[in-house]
Amino acid sequence: MLTFLHTATGQEVSDMVIAFGKHLFGQLADSHKAIFADQNRVLDFLEGIERHIHAEVRKLYPDAELPKFDTERVSDGHLVMIYESARPFADLAYGMIEGASAHFDTGLQITRKDEVSATGKSTRFDVVLL
């Protein structure tokens, strides 16, 4: 489908996936307001995805193959996120980080570096508050 859309619109596939990720985050935030009720800082939210969000998804869908996020808080305003997945959806993750930025109305500088890991491909996101 993305190849068809690329041909029809001329937009790059990665740009479309990033835009979808941003949109998807907004939809999830609107649909699951309780998850966001006690969240007020974007980096705290992003840092807790694996512990809170993915843990809840795994309770509902034990066989779900979710991406894994390892995080390191470099400073109060700098978070490193390492994304690993059997599926190559780092563009979607990037868009969802942008969606979190919009949801929390907080400017972020997101730097991305694709890497090779022991399990295949991974992506490092440096997320810095502006």
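Residues take their numbers from the sequence shown, with the count starting at 1.
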Heavy-atom pair of closest approach, residues [X] and [Y]:
{"X": "G77", "Y": "L43", "answer": "C-CD1, 3.5 Å"}
{"X": "S101", "Y": "L108", "answer": "CB-CD1, 3.6 Å"}
{"X": "I49", "Y": "F69", "answer": "CG2-CD1, 4.0 Å"}

- If the plane angle is over 60° it's perpendicular, under 30° parallel, otherwise tilted; pick one for Y94 and F125. tilted
- Message: Does the plane of the ring in F45 sit parallel, tilted or perpendicular to the ring in F25? Use 30° and 60° as the thresholds.
- Response: perpendicular
- Task: Answer yes or no: are there more than 12 heavy-atom neighbours, outside D105 itself, under 6.0 Å from its atom CG?
- Result: no
Side-chain atoms of residues 11-23: list all donor-acceptor pairs with protein atoms under 3.5 Å, sequence neighbours left out, distances to 0.1 Å.
none

Drop me the distance from [X]'s [atom1] to [Y]'s [atom2], to the nearest 0.5 angstrom.
{"X": "M96", "Y": "F89", "atom1": "CE", "atom2": "CZ", "result": "12.5 Å"}
{"X": "F104", "Y": "L129", "atom1": "CZ", "atom2": "CG", "result": "11.5 Å"}
{"X": "M81", "Y": "S122", "atom1": "CE", "atom2": "OG", "result": "13.0 Å"}

- Item | Same apolar cluster: L28 and I35, side chain cutoff 4.5 Å | yes
- Message: Let me check something: do L130 and V42 share a hydrophobic cluster, defined by ILVMFWY side-chain heavy atoms less than 4.5 Å apart, either directly or through other members?
- Response: no
- Judged by atom type as modelled, is there a donor-acceptor pair below 3.5 Å linking the side chain of T123 to the main-chain atoms of D114? no
- Query: How is the hydrophobic cluster of V80 composed, in terms of its other members, when Ile, Leu, Val, Met, Phe, Trp and Tyr link through side-chain heavy atoms under 4.5 Å apart, directly or indirectly?
  - Reply: V74, I82
- Item | Inter- and intrachain pairs under side-chain hydrogen bond (donor to acceptor under 3.5 Å, both in side chains), touching residues 56-81, at least two apart | R41-D76, D44-R73, E47-R73, E50-R58, E56-K59, K68-D70, H78-D126
